[in-house]
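Report on one structure; see the data block that follows.
Note that ligands are numbered from 1 as they come in the structure, with each ligand's atoms numbered from 1 the same way. The shown structure was predicted, so the numbers you read here are calculated from the model rather than taken from an experiment. Note that the numbering runs from 1 along the sequence shown for the chain.
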Amino acid sequence: MRLEAEQGFVSGQQLCDEYQVSRTAVWKAMKTLQTEGYEIEAINNRGYRLVKKPDLETAPVVAKKLTTRFWGHPVYFFDEVDSTNNVIKLLAEGFSVSQTTQGMQVEGEVWAAKAREGTLAIAEYQSAGKGRRGRHWEGEKGVNIYMSFLLRPEIQPENASMLTLILAMAGRKAVEEVTGLPSLIKWPNDLVVNGKKICGMLTEMSAEMDEVHYIVAGIGINVNEKTFAPELKDKATSLSLELGRDVPRSDVIAAYGRAFEEYYEKFLQTQDMSLLIEEYNQCLVNMDRGVRVLEPQNEYSGVSLGINAQGELLVRRDDTKDVVAVRSGEVSVRGIYGYV
Ligand code: ATP
Ligand code: BTN
């Protein structure tokens with residue numbers, strides 16, 4: 001590639017002349033290279049500069065392993081971003097996002113086409129990874145999966161929270177397919193192995209009263225991390241810690257995409273969990289177990305009876321003996337003795 005031969009910038013005009021193509025063709029070629037994991041700095045009046053070739057494990061390998069219909073097409077790779085959810089939000093709104101030596105750069109104007117469903121962003125590191133309700137998602141660089149993708153489902157906004165359950169089902173299937181490790185889902189959005197959290201999901205939505213504009217689905221999977229911060233040590237684990245060997249992240253990503261498409265299709269058929277309830281409840285860590293429901297203004301204990309077709313967790317309250325349907329959102333569910 002021409003940029004590899006050059007330490008500094010090569011102007012767009014130079015590239016047009018050398019390859020006998022238009023400026024638009026050069027710009028498109030740069031975009032394609034970026035989606036393949038090349039970090040290219042683009043500066044007005046100076047041209048293009050190759051900053052870094054793709055990470056061998058993730059970028060080109062992931063692109064080759066994807067066998068999905070729409071998931072991961074296109075896929076963008078980043079060395080470092082604040083949060084991959086934020087990247088997908090920008091792409092969904094039509095901003096152009098590129099990688100620079102300083103991290104991510106967002107072009108000021110809305111000038112690219114709005115990203116399409118399935119667009120995926122993967123980062124080696126997140127400087128401000130987000131969990132639910134303003135919490136942080138932590139993780140080392142280059143060993144885990146931090147990824148987000150864009151959905152544009154034609155569903156009612158009130159049904160969107162069920163997508164979190166779909167994300168968790170896909171995570172469970174991918175982990176099992178690649179590693180053989182049986183994981184369980186802690187309602188609504190955590191994946192747990194041996195009582196510890198291995199994977200978290202965060203969905204964010206842009207919607208009006210009766211229309212979803214888009215949904216950002218973010219997944220963090222602890223893959224090859226060996227040590228966790230003291231406050232996470234008892235609660236978090238990784239695939240490699242559980243297996244005693246490293247796992248290729250690209251395999252997990254590709255398996256995730258396949259599984260997600262399968263479950264998403266079933267969800268869209270009914271716009272609820274009715275085709276998936278049974279499978280979900282089979283992998284529910286809280287099934288038939290004592291739980292403590294933590295609502296913002298209210299706390300109570302009960303026995304979890306699994307989800308209903310709306311994805312709500314049915315809980316028989318210890319105090320009133322009533323069965324109540326708990327909606328995700330502002331609620332946390334804990335085991336009686338700890339996290340699960
Ligand atoms: P709930 O969603 O039921 O409230 P939770 O405590 O897991 O459960 P979340 O908001 O889902 O809360 O997840 C964010 C929390 O996950 C953080 O507060 C932190 O405790 C934990 N966490 C952060 N990074 C990781 C990680 N890499 N692996 C596992 N857990 C993590
Ligand atoms: C949780 O368990 O609270 C959700 C954690 C979600 C973490 C992922 S990592 C990729 C994506 N980007 C983010 O900032 N968060 C999600």
Under 4.0 Å between heavy atoms, the region of L232 that gets near ligand 1 turns out to be side chain
Answer side chain, backbone, both or neither: which part of R334 comes under 4.0 Å from ligand 1, heavy atoms only. side chain
Which of the atoms of ligand 2 are close to G129, meaning less than 4.0 Å from one of its heavy atoms? 14 (O)
If we only consider heavy atoms of K197, is any one of them less than 4.0 Å away from an atom in ligand 2? yes
Counting C-beta onward and ignoring hydrogens, is there a side-chain heavy-atom pair between I219 and F149 closer than 4.5 Å? yes
Flag side-chain contact, heavy atom, 4.5 Å: V62 against K65: no
Ligand 2 versus Q126, non-hydrogen atoms closer than 4.0 Å: side chain, backbone, both, neither? side chain
Going by distance alone, is a donor N or O of one side chain under 3.5 Å from an acceptor N or O of the other, for N144 and Y146? yes
Nearest to atom 8 (C) of ligand 2, what protein heavy atom do you find, and at what distance? G220 N, 3.5 Å
If I take atom CD from residue E262 and atom NZ from residue K266, how far apart are they, to the nearest 0.5 angstrom? 6.0 Å
What I want to check is whether the side chains of R292 and S301 have a donor and an acceptor closer together than 3.5 Å. yes
With a cut-off of 4.0 Å, which atoms of ligand 1 are near a heavy atom of N222? 26 (C), 27 (N), 28 (N), 29 (C)
Counting from 1 in the order shown, the ligand 1 atoms closer than 4.0 Å to a non-hydrogen atom of N189 are 2 (O), 11 (O)
Side chain, backbone, both or neither: which part of R132 comes within less than 4.0 Å of ligand 1 when only heavy atoms are counted? both
Test side chain to side chain donor-acceptor pair (under 3.5 Å), reference Q126, set D82, T84, N86, output is T84
Heavy atoms only: which of E140, R135, K196, E138 lies closest to atom 9 (P) of ligand 1? R135
Proximity flag R135 to ligand 2, non-hydrogen atoms under 4.0 Å: no
Heavy-atom nearest neighbour in the protein, as seen from atom 3 (O) of ligand 2, with distance rounded to 0.1 Å: R132 N, 2.9 Å
I198 contact mode with ligand 1 (heavy-atom cut-off under 4.0 Å): neither
Under 3.5 Å side-chain donor-acceptor pair for Y264 and Q269: no
Please confirm whether the ring centroid of Y125 lies under 6.0 Å from the ring centroid of F78. no
List the closest protein heavy-atom neighbour of atom 15 (N) of ligand 2: residue, atom name, distance to the nearest 0.1 Å. K130 O, 2.8 Å
Please list, in number order, the atoms of ligand 2 under 4.0 Å from a heavy atom of T84. 10 (C), 11 (C), 12 (N)
Examine ligand 1 and decide if any of its atoms is less than 4.0 Å from a heavy atom belonging to E225. no
Per-residue contact class, H136 against ligand 1 - non-hydrogen pairs under 4.0 Å: backbone
Find out whether Y256 and L167 are in side-chain contact, i.e. whether some heavy atom of one side chain is under 4.5 Å from a heavy atom of the other. yes
First locate atom CG of N85, then atom NZ of K130, and finally report the distance between them rounded to the nearest 0.5 Å. 5.0 Å
Checking Y263 against E279: is there a side-chain donor and acceptor pair closer than 3.5 Å? yes
Under 4.0 Å between heavy atoms, the region of D190 that gets near ligand 2 turns out to be side chain
List the steps, then state whether salt bridge (charged side-chain N to carboxylate O under 4.0 Å, His left out) holds for R132 with D190. CA-CA 11 Å; R132 295 204 307 156; D190 292 351; over 6 Å; no
Report, in ascending order of atom number, the atoms of ligand 1 lying under 4.0 Å from any heavy atom of S332. 1 (P), 3 (O), 4 (O)
So does R172 pair up with E176, basic N to acidic O under 4.0 Å? yes
Looking only at protein heavy atoms, what sits closest to atom 4 (C) of ligand 2 is M201 O, 3.4 Å
Which residue and heavy atom of the protein sit nearest atom 5 (C) of ligand 2, plus the separation: W137 CE3, 3.4 Å
Quick check: does Y146 get an N/O under 3.5 Å from an N/O on ligand 2? no
